[in-house]
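Structure first, then comments.
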Amino acid sequence: MLKSLEVSGFKSFAKKTELNFKSQITAIVGPNGSGKSNVAESFRFVLGEQSMKSMRGKRGEDMIWNGSTDVSKSNRANVKIVLDNTNNFFSALQSTSVKKEAKSGGDFEEVIIERTVNRDGSNEYYLNGSTVRLKDVIELLAQAHIGASGHHIISQGEADRILSANTKERKEMIEDALGLKIYQYKREESERKLSKTEENIKQVESLRCEIAPHIKFLKKQVEKVEKAEELRTKLVSFYREYLKREKVYLESERSQIESEQKPLKEKLERLEKEMEEAKEILSKSSKKDEKSQEIIEIENKIKNEREEKDRLYREAGKIEGEINANQRIIEKIRFDQRSEENKTIPLKELENLESELSIYTEVSKIIEKIREFISKHKASTAHNNLDELISINQKLENQRKEVEEKIGSTDNTLNKLNFEYQKIKDSVEKEKDSSREAEKNIFRVSSERSEAQSKFDILNEKMHRLSIEEDDWKREIQEGGVLLGTAIIGFENDVLDEGFHFAEATRDELRRELEKMKIRLEELGGAGGAEMTKEYRETVERDEFLQKELEDLKKSAESLEILINELLEKLDIEFKQGIEKINKTFHEFFVLMFGGGNAQLKLIKNFKLKIKNLPEDEIGEMPEEKEPEDGIEITVSLPRKNIRGLDMLSGGERALTSIALLFAISQVNPPPFIILDETDAALDEANSKKYGDMIENLSKVSQLILITHNRETMSRAGVIYGITMGRDGVSRLLSIAFDEAVAVAK
Ligand code: ATP
C-alpha cells in the first residue's frame, strides 16, 4: 500500500533520500540523533500536519535543512509519499479535485502526495503532481483512515498518548481512527456554513429591518409623487385652458375697450375744438368796449353835425329874412317910388307867413324892428338905400347859397354818420348774439366733455386694470413654465369649447381653483419625483432580492441543519458501532498481552462548567451552566491485580495497554500504514516478544514502519533501513541485514 517515501531538504535529510516499503514491516534503526524520528516526522509533514510542535519545530522554516559547515542550507523542504491504489483504496479520488486535475480519466494506480515548505513559511500541496489545497489532501486521507490526529503515527515517548489524553481527545483520536473524521469535517464545515448562513440571515434581516422604514417612507413619497404627477397632469390641462381662456378674455376686453375708447376720443377731440372755437368767440366779444367807444364818438359826431346843421339853418333863415326884408324894403322903395298910396307893408301876409313857419318867428321880430326902422327912416332913406339894399341882397343871396350848400354837405355827413352808426350798432348786436351762443356752447361742451371725459377715464382705468391683468397673465405663463416646464408651451393653439364665454365669476373661480391646485402641488413637492420613484423601485427590488436571498439562506440553513443532524446521527451510530468493535479486539489483545484481565472503552458524558455570557449591566453573580461533552473512558483490570484506573499501571503495563488499544483501533478501520517510533522502548524481553507477536498480527492489515532499538522488533521486520549521520550533520540511509542492523542500532 505504502510504496515509498522521498525526503529532500527536510530536517537532517539535506539530500534527496528515498525509502521503499516493499515489506509489510519495515524497521528503521540507527544511533541516537541520526535522524530516525525525522523520518516519522516527514510522514506527519507530508500528510498535512499543521502543528509544528508535533514535528519539534516552531515554524515551517524549522522543517528545512538548516545547513552545516560542509553542506549549505536548503531553500525548501520537500516530502513525497507514493501510495499504491491498484485496489482502489482511494476511490474518493474520483470525486476530488485530483480527478479534475488528472490528465487521463479513470482510476489511478498510484496516489502521490507531496508537500513543500519554503523559507517564507508558505506551503504547497500536490496530488499526483497537481497543486491542490490542504483540505483536498486531508479529505482524501480521511477516506483512507489516515487522519490528522496522527493516531497511526506514534512518536517517540508518545506510546501511551492515547492513555494520557483526556476523554475528549481520546474520543477524537478514536473518531479519526474509525474514519469518522470525514463526517466530523463535513459536520464542522456544515456548522461553519450554518453559522455563516445564520450570520448572513441576521445581516439580511437587519438589512431588511433597516430598509423597511426607508421603503415605507419612500412608498409614501412615491404615492405623493404619483399624486403630484396626477395633479400635475390635471394642472397642465387646466393651466393651458386657463391661460388660453384668459388670453381670449384679455384680447376681447382690450378690443372692447379700444372700440369704446375710439369714438370717445374723437368726441373729446371734437368737443375740445368746439370749446376752443367758443372761447375764441367769447374772447372776440370782449372787444365790445372798443365798439361802444366808436358808437359814442359817432353819436357825438352826429350831435355836432346836427347842431351845425341847425346853426346853418338858422343862418340860412337869418339870411333869408334879411333877404326878404331887404326885398320888401326894395319893393317898398320901388313901390313908394311908383306909388305913394301904398305905404303900408303887407304885414298881414307876413303874419300869415308867421304861422306857417315857426322859423320865421325870429324873422318877424326882425321884421318888426325893420318896420319901426322904416317908419322912422321911411322918407329919408328911401331913395338912397335901394341900390345898396339890392347889392346886399345879392350878397345875402350868395351867402344863403353857401349856407344851403353847407347844409347839404352836413346832411351828407349826417347820412354817412347815421349809416356808419347803424352799421356799428348792428355789428354790436350781432356780436352780442354770437357771444351768447358761444357761452351756451361752452356750457354745453364742457358738460358734454366732462361726461365724455369721465367715460374716457373709466375706460382708461379699465385699460389700466386690464394691462395689470395682462401682466399677471404673462407672469402666470412664466410661473407655469417654472412649475410645469415645457408642458404649457403652445397653449395659444389649443381649441376652446364652442361658444366659450369667460364670465367674471367663472374666471375668479378658475383662478382660485388654479391657485389651490398649485398650492397642493407645491405641498406634494413634485420635485425630484423621478429619482424618488427610481430609488423606491430600486429599494423595493433590493428588498425583494434580500427577501429571496433570505428565503434561500433559510432553505440552505434548513438543509444544513438536516445535513448536520444526519451527520451527527451517522457519527453517533458509526461511533457506537466502532467502539463496540474496538472493545471486542481491545479485550482480545489485552488478554493476549496480560494473560487475562479486562479492558473496555466507555462512552461517557462529561459536564463541563461553562460561564454564561451575561449582558454587561448584569455583572454580579456568575451563574454557571453545565454543558454535556462526549468522551471516552478506559477501564482496565489486570489479572491477579487490584488495579483501579490507568494511573496505577506500571510503565511497561501502560505501554502494553496502549499498544493493545492502538492495535485494536487499527483493526476496525485499518490505516494503510502505521508508524511506531520506539513504542517498544519500555518493554522487557518477555513483553517485547508479545509486542512482536502483536506486530505481526497487525501487519496483516496495515503496513508497519517501526523505529526501534529493540532486537526482537527488528527480528520481525522484512526490511531494515539503517540511518547514520556523518560529521556533516546529514542523515544518510542504508539498507542493511538483520545482524548489521543490530550492530547499527547499538
Ligand atoms: P534518537 O535515537 O536519539 O531518538 P534519532 O535518530 O531519532 O535519535 P532525530 O531526532 O531524528 O534522531 O534527529 C535529530 C537530528 O536531526 C539532530 O542531530 C538535529 O540536529 C537534526 N536536525 C533536526 N532538524 C534539523 C534541521 N532543520 N537541519 C539540520 N539538522 C536538523
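Starting from 1, each residue takes its place in the sequence as its number. Reckoned from all heavy atoms, side chains included, excluding hydrogens, waters and symmetry mates. Read the numbers this way: they start at 1 and go in the same order the structure lists the ligands and their atoms.
No hydrogens or angles considered: nothing links the side chains of R732 and T17 as a donor-acceptor pair under 3.5 Å. Between the side chains of T708 and D680, at least one donor-acceptor pair of N or O atoms lies under 3.5 Å. No side-chain donor-acceptor contact under 3.5 Å links N78 and R115. For the residue pair S68 / D70, no side-chain donor-acceptor distance below 3.5 Å is found, with atom types taken as modelled. Donor-acceptor pairing under 3.5 Å is lacking for the side chains of S637 and N598.
Shown here are the side-chain contact (heavy atoms from CB on, under 4.5 Å) partners of K168, two or more places apart in sequence or in another chain: N166, E172, E629.
Taking a heavy-atom cut-off of under 4.0 Å, ligand 1 is surrounded by K11, S12, P31, N32, G33, S34, G35, K36, S37, N38, R56, D62, I64, W65, N66, Q156, E678, H709, M725.
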